[in-house]
**Q** 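Once you've had a glance at the structure underneath, I'll fire off some questions.
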Amino acid sequence: MEILSWDDLRILLAVHRAGSFLGAGKVLGLSTSTTARRLDALEASVGHRLVHRSQSGTELNPHALGMVQLAQALEHGLDALRRDQAQMAGTLKVSVPDGMAPMLARSLIAFAQDHPGIDIELSGDNRMVDVAAREADIAIRIARSSSSVLVEKHLASFRFGLFASQDYVRRHLLSRALKAGEASAHPFVGLDERWKALPHEQWMRELGATRFPFRSSSMQAITEAVLLGAGIGAFLELDPRTTGLVRIETTIPGPVQPFYLVFHRDLRAQPHVRAAVAAIERYVHSISVRRD
């Protein structure tokens, strides 16, 4: 048997549904004779009759029903693909913790390039946006949700580490390690006082950090301060902003922070949301594998 194509199978499906070559031809935009010739060619390729012809019309032979079912499955799949492509447009609002914005930007830029009909609005915000109220289509959070209208998935868990600029290490910390009791001798850079209860902020104090000459609610500002040598800062180990910084070893391991991907249940059927969720999951998984 030659490899069947959708063009072959849709002829058989149309004849089955219409019950005649005339009716099938009208649906397919073909003449009756062309429809009949196409079906003759299909029967020749499979090696047996598929349709019984009579003056009253056509009727499928029992062994042709499996091919009809295959044709119907292909038709449904193609229809779904067309619907998805038609809906792959619009603006997708994504909210992530400020510290994850550079990381997720890489994934979402690649996603937008693959789907030029979709515009991305990426918000890096330390506050928890109200996804249930549709302030964002997709959000990444550091805490679980109790809302019944949200779909929540564990995305990944990443560890925090301490980092400092190369110049700071050269001048103040050649060992690239903080031993017990040494943290109090160094300046640290952290989030502002509103976020002092976060695990990595508590961890720095647990290590013995007492001086925070620079604090900010902006991770970009914190990164700049560490790069300029204002002190030691805590970042996710895979944060792209740590490129060019020096990892500082500690006696107490950094905390592991889980991240959850959240979106509204009403958006589960939206193709652009499904595709974006899948892209984010693939990207985060890929960097997790590279880290390991």
Side-chain angles (χ1 to χ4, degrees), residues 91-112 119-131 133 135-143 155-169 172-173 178 183 186-207 209-248 250 254-262 280 283-284 287:
T91 299
L92 189 69
K93 296 183 178 180
V94 182
S95 174
V96 303
D98 183 39
M100 287 194 76
M103 183 193 313
L104 264 295
R106 298 185 177 190
S107 170
L108 293 170
I109 288 170
F111 173 77
D119 296 329
I120 302 294
E121 287 187 11
L122 176 62
S123 172
D125 199 336
N126 288 323
R127 76 180 183 92
M128 188 179 290
V129 300
D130 192 345
V131 181
E135 287 185 358
D137 299 312
I138 300 172
I140 294 178
R141 293 175 166 176
I142 61 174
L155 183 61
S157 293
F158 299 123
R159 188 177 296 278
F160 276 93
L162 288 186
F163 294 84
S165 70
Q166 296 182 23
D167 182 63
Y168 184 91
V169 168
H172 304 293
L173 199 57
L178 280 179
H186 295 272
F188 282 75
V189 177
L191 290 168
D192 63 37
E193 289 291 336
R194 291 175 299 170
W195 310 106
K196 64 182 181 180
L198 290 178
H200 69 280
E201 289 284 329
Q202 294 185 28
W203 171 57
M204 287 190 285
R205 291 193 294 272
E206 185 180 358
L207 289 170
T210 57
R211 292 194 296 130
F212 286 83
F214 186 87
R215 288 186 176 274
S216 175
S217 62
S218 166
M219 284 302 300
Q220 183 175 353
I222 289 173
T223 304
E224 190 68 15
V226 174
L227 284 168
L228 292 174
I232 301 169
F235 299 89
L236 294 174
E237 291 180 343
L238 48 69
D239 193 326
R241 281 175 295 215
T242 60
T243 301
L245 296 178
V246 178
R247 173 70 182 273
I248 307 301
T250 60
V256 174
Q257 177 64 64
F259 293 91
Y260 304 94
L261 193 152
V262 182
I280 291 170
Y283 177 76
V284 172
I287 60 178

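All heavy atoms count here, side chains included; hydrogens, waters and symmetry mates do not. We count residues from 1, following the sequence as given.
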**Q** Are there more than 12 heavy atoms of other residues, nucleotides or ligands under 6.0 Å from atom CD of Gln220?
**A**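 Atom CD in Gln220 is not crowded, with 12 or fewer foreign heavy atoms closer than 6.0 Å.
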
**Q** Side chains of Met103 and Val96, heavy atoms from C-beta outward: is any pair under 4.5 Å?
**A**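 Met103 does not reach Val96 side chain to side chain.
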
**Q** When you compare the side chain of Leu261 with that of Val284, does any pair of heavy atoms fall below 4.5 Å?
**A**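 Of all side-chain heavy-atom pairs linking Leu261 with Val284, none is under 4.5 Å.
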
**Q** Would you find a donor on one side and an acceptor on the other, under 3.5 Å apart, between the side chain of Glu237 and the backbone of Phe158?
**A**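 Not a single qualifying donor-acceptor pair exists.
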
**Q** Using a 4.5 Å cut-off on heavy atoms from C-beta on, say whether the side chain of Leu227 contacts that of Leu245.
**A**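 Heavy-atom side-chain distance check passes, below 4.5 Å.
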
**Q** Are Ile140 and Pro97 side-chain neighbours, meaning at least one heavy-atom pair lies under 4.5 Å?
**A**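 The answer is yes, as the side chains (C-beta and beyond) meet within the 4.5 Å cut-off.
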
**Q** Quick one: closest heavy-atom pair of Ser216 and Ile222, and the distance?
**A**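 Smallest interatomic distance, heavy atoms only, reads O-CD1, 3.6 Å.
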
**Q** Check whether any side-chain N or O of Gln257 sits under 3.5 Å from a backbone N or O of Ile142 as a donor-acceptor pair, and report yes or no.
**A**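 Present.
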
**Q** Can you name the closest pair of heavy atoms from Asp98 and Ser217 and give their distance?
**A**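 Between these two residues, the closest heavy atoms are OD2-O, 3.7 Å.
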
**Q** Please name the pair of heavy atoms, one in Pro213 and one in Ala230, separated by the smallest distance, quoted to 0.1 Å.
**A**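 Looking at all heavy atoms of both residues, the closest pair is CG-O, 4.0 Å.
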
**Q** Measuring from Met204:CE to Thr250:OG1, what's the distance to the nearest 0.5 Å?
**A**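 Taking CE in Met204 and OG1 in Thr250, the distance rounds to 12.0 Å.
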
**Q** Apply the test side chain to side chain contact (heavy atoms under 4.5 Å, CB included) to residues Leu162 and Phe188: give CA-CA distance (whole Å), side-chain angles for both, the deciding distance (0.1 Å), then the verdict.
**A** CA-CA 10 Å; Leu162 288 186; Phe188 282 75; 4.1 Å; yes

**Q** Specify the closest pair of heavy atoms between Leu122 and Ala101, including all atoms of both residues, with the distance to one decimal.
**A**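 Taking every non-hydrogen atom into account, CD2-O, 3.7 Å.
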
**Q** What distance separates Thr91 OG1 from Asp119 CG, expressed to the nearest 0.5 Å?
**A**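 Result: 4.5 Å between the selected atoms.
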
**Q** Do the non-hydrogen side-chain atoms of Ile232 and Leu173 ever get within less than 4.5 Å of each other?
**A**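 Heavy-atom side-chain distance check passes, below 4.5 Å.
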
**Q** Check whether Asp137 reaches the backbone of Lys93 with its side chain - one donor and one acceptor, N or O, closer than 3.5 Å.
**A**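 Yes; judged by distance alone, with no hydrogens or angles, the pair exists.
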
**Q** Ignoring hydrogens, what is the shortest heavy-atom contact between Ser165 and Gly229? Give both atom names and the distance.
**A**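 Minimum heavy-atom contact is OG-CA, 3.8 Å.
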
**Q** Starting at CZ of Phe214, measure out to CD of Glu224 and round the result to the nearest 0.5 Å.
**A**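 Reported to 0.5 Å precision, the distance equals 9.0 Å.
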
**Q** Enter the distance from Leu228:CG to Asp167:CG here, rounded to the nearest 0.5 Å.
**A**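 So the gap between those two atoms works out to 10.0 Å.
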
**Q** Less than 4.5 Å apart, side chain to side chain, heavy atoms only: is that true for Val94 and Leu104?
**A**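 The answer is no, as the side chains (C-beta and beyond) never meet within the 4.5 Å cut-off.
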
**Q** Tell me, do Tyr168 and His186 make a side-chain contact under 4.5 Å, heavy atoms counted?
**A**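 Contact flag for Tyr168/His186 side chains = yes.
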
**Q** Angle between ring planes, Phe235 versus Phe163, binned at 30° and 60°: parallel, tilted or perpendicular?
**A**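 Phe235 and Phe163: perpendicular rings.
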
**Q** Given Leu236 and Phe160, is the side chain to side chain contact (heavy atoms under 4.5 Å, CB included) satisfied, shown in steps?
**A** CA-CA 4 Å; Leu236 294 174; Phe160 276 93; 3.7 Å; yes

**Q** So, Arg159 side chain and Gly254 main chain: donor-acceptor pair closer than 3.5 Å or not?
**A**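 Present.
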
**Q** Output the distance between atom CZ (Arg215) and atom CG (Leu191), rounded to the nearest 0.5 Å.
**A**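 Those atoms lie 8.0 Å apart.
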
**Q** Let me confirm one number: the CZ-CD distance from Phe212 to Glu193, rounded to the nearest 0.5 Å.
**A**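 Result: 8.5 Å between the selected atoms.
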
**Q** Does the side chain of Thr223 reach to within under 4.5 Å of the side chain of Thr242, using non-hydrogen atoms?
**A**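 No. Closest side-chain heavy atoms not under 4.5 Å.
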
**Q** Which heavy atom of Val246 sits nearest to which heavy atom of Gln166, and what is that distance?
**A**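 Minimum heavy-atom contact is CG2-CG, 3.7 Å.
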
